[in-house]
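Down below is the structure, laid out as structure tokens.
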Amino acid sequence: MDEFRFIDRSDSNAEKYTLRQKLFHTQEVQPLWVADMDIATPECVIHAVQKRLLHPILGYEIMSDSAYEAQIEWVREHHGFTIQREWLSYSPSVVASIGCAIRAFSEEGDEVIVMDPVYPPFYGMVRDNNRSLLLHPLKQDNTGIYRFNIERLRTQITPKTKLLLLCSPHNPIGRVWSRDELLALGELCLEHGIVIISDEIHSDIVFAPHAHIPIASLSLELLNNTVTLIGPGKTFNMAGFSISTVCIASDELRALYEKEAHRVHFGDGAALSHVAFETAYTEGGGWHKKLLAHLNANAQLIETWVAEHPVIQCRIPEATYLAWLDCRALGLSDRELREFFVQKAGLGLSPGLSFGKEGSGFMRLNFAVSSSVLMDALDQLDKALND
Ligand SMILES: Cc1ncc(COP(=O)(O)O)c(C=O)c1O
């Protein structure tokens, strides 16, 4: 039976610790930034990898059909989306796939729609591939829910707009886009011949009653106009295996994408990652349920804390283990805010501004830690505020 365990990672090579000095100029912060978890990868995955190591050769291997089928079954069961085997290909990284897709479906100088705030590599992939950012601001409505504005977006589109980079669910704001929102966005893209790249890496960390809807599952037209990026990295805390998939139903788009993937020689992945991937999707279901229950309980702790500290606002995320803290009422500049968290509260969070202009005045807190670590962090913040 899969145990659910919290691990002290301070003596491992975990990025959240090793980059502390560089990012926060001190080791004396509780790191709650990079989006991975302090929760052990499911034991079934570790055991399967250990078993594979009994065979002493780790040469080149092909990702097997049974591994792809395991993911297909997971997506069908959890998101009601039926993927065909030939639509899928291996990728070592969702971000790398975004880069490939940008090159495959647009030319230098073309525009790519990116919603601000968003996961920082979205900006980097567009700029580094010499495309232009078409920034669309996400704004909170009067209930605090972030929304895009479809009419405004319509006016922003030009003949050079070729791609939409969608984050679904959305990091850092924790939105699960509704069917109506996705349909509106999808129809706009179809009208203007804009290909959708949908990063759905967070699609398994969704809290009821919200439910993730793959945009490609909404209609045949959208299926044929979308590149969906999915993987077990967030779901099972196994980003270190560098394995994800790219799902493209359209033969035409898939051929263009594959040409780019060959140019950078994505290959077919690593033996241990294949085993981890297949095992996670076939045997990790029970662990995943426990994970969601734990994350939900931590989200409640944050909700209670925020209710007692109105100077910091936070709408509990519909998805992701990332809390988007609205600290604007503190009246600090972004630099002061960052210093306050590091120096006064001893907390290493992701500054909102790193997610784009709309993130000014916010901080992103990763709550995929034990409840005691989270409570200590909130106590530290409480003390810093009282000082
Ligand atoms: C939205 C989003 N996409 C992609 C990634 C990273 O994916 P990969 O490690 O497969 O490149 C992250 C990691 O935080 C993310 O939040």
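Numbering of ligands and ligand atoms starts at 1, following listing order. Everything numeric here is computed off the predicted structure, so don't read it as measured data.
Pairs engaging residues 114-132 under the salt bridge (Lys or Arg N to Asp or Glu O under 4.0 Å) rule: none recorded [sequence neighbours left out].
Every residue meeting the ring-ring contact (aromatic ring centres under 6.0 Å, His included) condition with H170, not counting sequence neighbours, appears here in chain and number order: W177. Taking H78 as the reference, W74, H288 meet the ring-ring contact (aromatic ring centres under 6.0 Å, His included) condition, with sequence neighbours excluded.
Side-chain N/O atoms of D204 and H79 include a donor and acceptor closer than 3.5 Å.
By the 4.0 Å N-to-carboxylate-O rule, E191 lies close enough to R154 to be salt-bridged with it.
Under 4.0 Å from any atom of ligand 1, one finds heavy atoms of residues A35, S93, V94, V95, Y119, C167, N171, D199, I201, H202, K234.
Cation-pi geometry between R175 and Y146 is not met at under 6.0 angstrom from the ring centre and within 45 degrees of the axis.
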